[in-house]
Amino acid sequence: FSFLLLVFLSHAKAAQKQTNFILVMADDQGWGQTGYYKHPVLKTPNLDEMASKGLRFDRFYAGGPVCSPTRATVLTGRTHDRTGVFDHGYALRKQEKTLPQAMKKAGYATGHFGKWHLNGLRGPGVPILPDDPSGPEAFGFDHWLSVTNFFDLNPVMSRQGKFEDFKGDSSEIIVEEALKFMDKQVKADKPFFCVIWYGTPHSPWMALEKDLQEFDQLEGNSRAHYAELRAMDRSIGTLRAGLRKMNVDKDTLVWFTSDNGGLPKINPTTTGGLRDFKGSLYEGGIRVPAIIEWPKKINKFRRTNYPAGAVDVFPTIAEIAGLPDSSMRQPQDGQSLVQLLQKEIGPRNKPLIFRSRARMAIIDNDWKIISQPRGDRRKIELFNLAEDPSESNDLFEPHHDQVTRLRKTLLAARTSIDRSVQGKDYPEGKVLPQPPRIFWTEVPAYEKYFKAWKSRPEYQSRLKKIK
């Protein structure tokens, strides 16, 4: 009887095993910069293998056209202007409810590794101060090895406020450190929620010699840019192998994407033929690579043209993890993709909304409307993305049925976002004081590091202005 009871309990425990979650995000990787999209020079065998065994999104959108906004959207499920992160370098409002906070309450160990960029500090990434009021810990991360912004070779990082120097490629470093965190949780039989935010392939481009050698045919920044991506892909392989070694790969959902579209002035091009680049609301600025790998639920390759985005991350994980609705600040702009993980589900019910730098865009399945300032007026454009993914044929006419319909959606979204910006979503009914958006060189606590950091190539452009 005791033996049978033991077997029953062990099966019950296995049945109740919680899913682990890993969110991986590149920094400035364009939609076209993967091997599976047949890039002319970049090979990404690990991303390709991940895509071949999971769900590949061919129409996945960042939260905004630049970095900090998308990070805010991932953590909140909300269009970034609602959260006070209007552009790169703005601090996320503490009045927001975040995914790591909810996961922590649900019993998960929470870890952040890499770029943060939600604490109001601009300039190349520096280690986050131990008393930073808007660092990862303030938003639900118990464990963190992080920097304020982009970071490169041989970075100096902050492990929960303690500065540490590292040697090697930044992508490989944070994956190795993240795996140590995961291994500790696995041994403690505790589920984990882990965020890995790369600094690659953001400028300044610095790569290992072995990776540079693969791109000898390229020149200058393009060579180092692609070499960084080569190392990042290798770190994806390390991550997947590490999960298999810990025997948690089947129960772990890994979600890979990028924070915004690709960069201009990089050859070969970064956006796979899409219009424009990072900073733009055209497809090249917001459409990004994305893959979900989850062997327990996705056991064969699928690709989807379903329009989805960073705004869907929180609601999707919330449904899988059984988080209460109260864990999310309303209004939510995303929707759960759980049904899509198993099969195609038809048209999207909730349009994707973008607002950035006084511009707006609405993507509603095949149709996209863009509204941008033009002097004291607005320029409105309409595109059918199914027929014209490169947005080369503007279909705007004042009385076009889709223009009439989507302008109503756009105006309603603008009104709703304006209320959020004013703090009407919060119990206080207003926005509480926020950290200023400044360069870290303006923070007195960093001054004692200036002399030592002046020799670091990633800081030279900023510190040479300091006497």
Side-chain angles (χ1 to χ4, degrees), residues 6-25 46-57 74-75 98-114 140-144 174-197 235-257 290-302 304 308 312-324 327 336-343:
L6 183 63
V7 170
F8 172 78
L9 290 174
S10 65
H11 280 294
K13 183 178 180 181
Q16 295 170 2
K17 193 169 186 180
Q18 292 173 280
T19 301
N20 302 304
F21 299 91
I22 305 174
L23 303 182
V24 185
M25 191 155 65
N46 294 292
L47 277 176
D48 296 355
E49 184 179 356
M50 183 179 172
S52 74
K53 295 183 177 180
L55 176 61
R56 188 183 98 189
F57 293 84
V74 167
L75 296 189
T98 69
L99 179 52
Q101 288 169 343
M103 298 301 279
K104 181 178 176 180
K105 288 179 182 177
Y108 279 74
T110 55
H112 177 273
F113 298 85
F141 289 106
D142 284 335
H143 308 269
W144 48 278
I174 60 171
V175 165
E176 289 168 2
E177 292 292 327
L179 284 169
K180 293 175 186 176
F181 158 76
M182 296 177 217
D183 186 55
K184 184 178 179 181
Q185 311 316 317
V186 171
K187 288 175 178 175
D189 202 23
K190 189 176 180 71
F192 58 80
F193 170 76
C194 183
V195 170
I196 300 172
W197 284 350
S235 78
I236 294 288
T238 301
L239 174 64
R240 297 175 72 245
L243 294 174
R244 291 193 296 270
K245 185 177 179 181
M246 290 183 281
N247 199 29
V248 294
D249 55 307
K250 291 180 173 56
D251 294 303
T252 301
L253 184 155
V254 183
W255 198 328
F256 173 85
T257 188
I291 305 164
I292 294 179
E293 184 175 28
W294 187 17
K296 185 176 181 179
K297 296 291 184 179
I298 305 172
N299 52 28
K300 62 180 180 180
F301 166 71
R302 275 183 50 233
T304 182
D312 300 324
V313 172
F314 195 160
T316 301
I317 292 178
E319 181 174 348
I320 296 169
L323 303 179
S327 65
S336 172
L337 302 177
V338 167
Q339 291 184 6
L340 183 66
L341 301 183
Q342 299 301 314
K343 62 181 180 180

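Residue numbers run from 1 in the order of the sequence given.
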- Which is it for Leu323 and Met103 under the side-chain contact (heavy atoms from CB on, under 4.5 Å) test, yes or no, and what are the steps along the way? CA-CA 8 Å; Leu323 303 179; Met103 298 301 279; 3.8 Å; yes
- Stepwise side-chain contact (heavy atoms from CB on, under 4.5 Å) test for Phe21 and Leu99: CA-CA 11 Å; Phe21 299 91; Leu99 179 52; over 6 Å; no
- Query: Step by step, would you call Leu243 with Ile22 a side-chain contact (heavy atoms from CB on, under 4.5 Å)?
  - Reply: CA-CA 11 Å; Leu243 294 174; Ile22 305 174; 3.9 Å; yes
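Not a single donor-acceptor pair under 3.5 Å links the side chain of Gln185 to the backbone N or O of Tyr108. Checking side-chain atoms of Lys190 against main-chain N and O of Gly107 turns up a donor-acceptor pair under 3.5 Å. Of the possible polar contacts, none joining the Thr110 side chain to the Pro100 backbone as a donor-acceptor pair under 3.5 Å is found.
Expressed to the nearest 0.5 Å, how far OG1 of Thr98 lies from NZ of Lys104 amounts to 10.0 Å. The CG atom of Leu47 lies 5.0 Å from the CD1 atom of Ile291; values are rounded to the nearest 0.5 Å. Here Arg302 contributes atom CZ and Ile292 contributes atom CD1; the two are 10.0 Å apart, rounded to the nearest 0.5 Å. Interatomic distance, Asp142 CG to His112 NE2, rounded to the nearest 0.5 Å: 14.0 Å. The NZ atom of Lys250 sits 10.5 Å away from atom CD of Glu293, with the distance rounded to the nearest 0.5 Å. Separation of atoms CG (Leu179) and CD1 (Ile196) is listed at 6.5 Å; rounding is to 0.5 Å.
Under the side chain to side chain contact (heavy atoms under 4.5 Å, CB included) criterion, Ala308 pairs with Phe57, Phe60, Tyr306, Asp312, Leu337, Arg348, sequence neighbours left out. In this view, Thr252 and Asn20 satisfy the side-chain hydrogen bond (donor to acceptor under 3.5 Å, both in side chains) rule, not counting sequence neighbours. Scored by the salt bridge (charged side-chain N to carboxylate O under 4.0 Å, His left out) test, Arg244 finds no partners at all (sequence neighbours excluded). The salt bridge (charged side-chain N to carboxylate O under 4.0 Å, His left out) search around Lys187 returns Asp183, not counting sequence neighbours. Remark: Trp144 pairs with no residue by the ring-ring contact (aromatic ring centres under 6.0 Å, His included) rule, at least two apart or across chains. Scanning for salt bridge (charged side-chain N to carboxylate O under 4.0 Å, His left out) contacts around Asp251 gives Lys17, Lys296, with sequence neighbours left out.
A heavy-atom distance below 4.5 Å is not found between the side chains of Gln101 and Leu75. Contact check for Met182 versus Leu239: side-chain heavy atoms found under the 4.5 Å cut-off. At a threshold of 4.5 Å between non-hydrogen side-chain atoms, the residues Val186 and Phe192 count as touching.
Each of Val338, Thr19, Leu23 was compared with Ile317 under the side-chain contact (heavy atoms from CB on, under 4.5 Å) criterion, and only Leu23 meets it.
Taking each heavy atom of Pro191 and Gln18 in turn, the nearest pair found is CG-OE1, 3.3 Å. Minimum interatomic distance between Ser235 and Val175 (heavy atoms only, all atoms of both residues): O-CG1, 3.6 Å.
Annotation for Gln339: atom CD does not count as buried by contact number, only 12 or fewer foreign heavy atoms lying within 6.0 Å.
Using cut-offs of 30° and 60° for the angle between ring planes, the His143 and Phe181 rings count as tilted.
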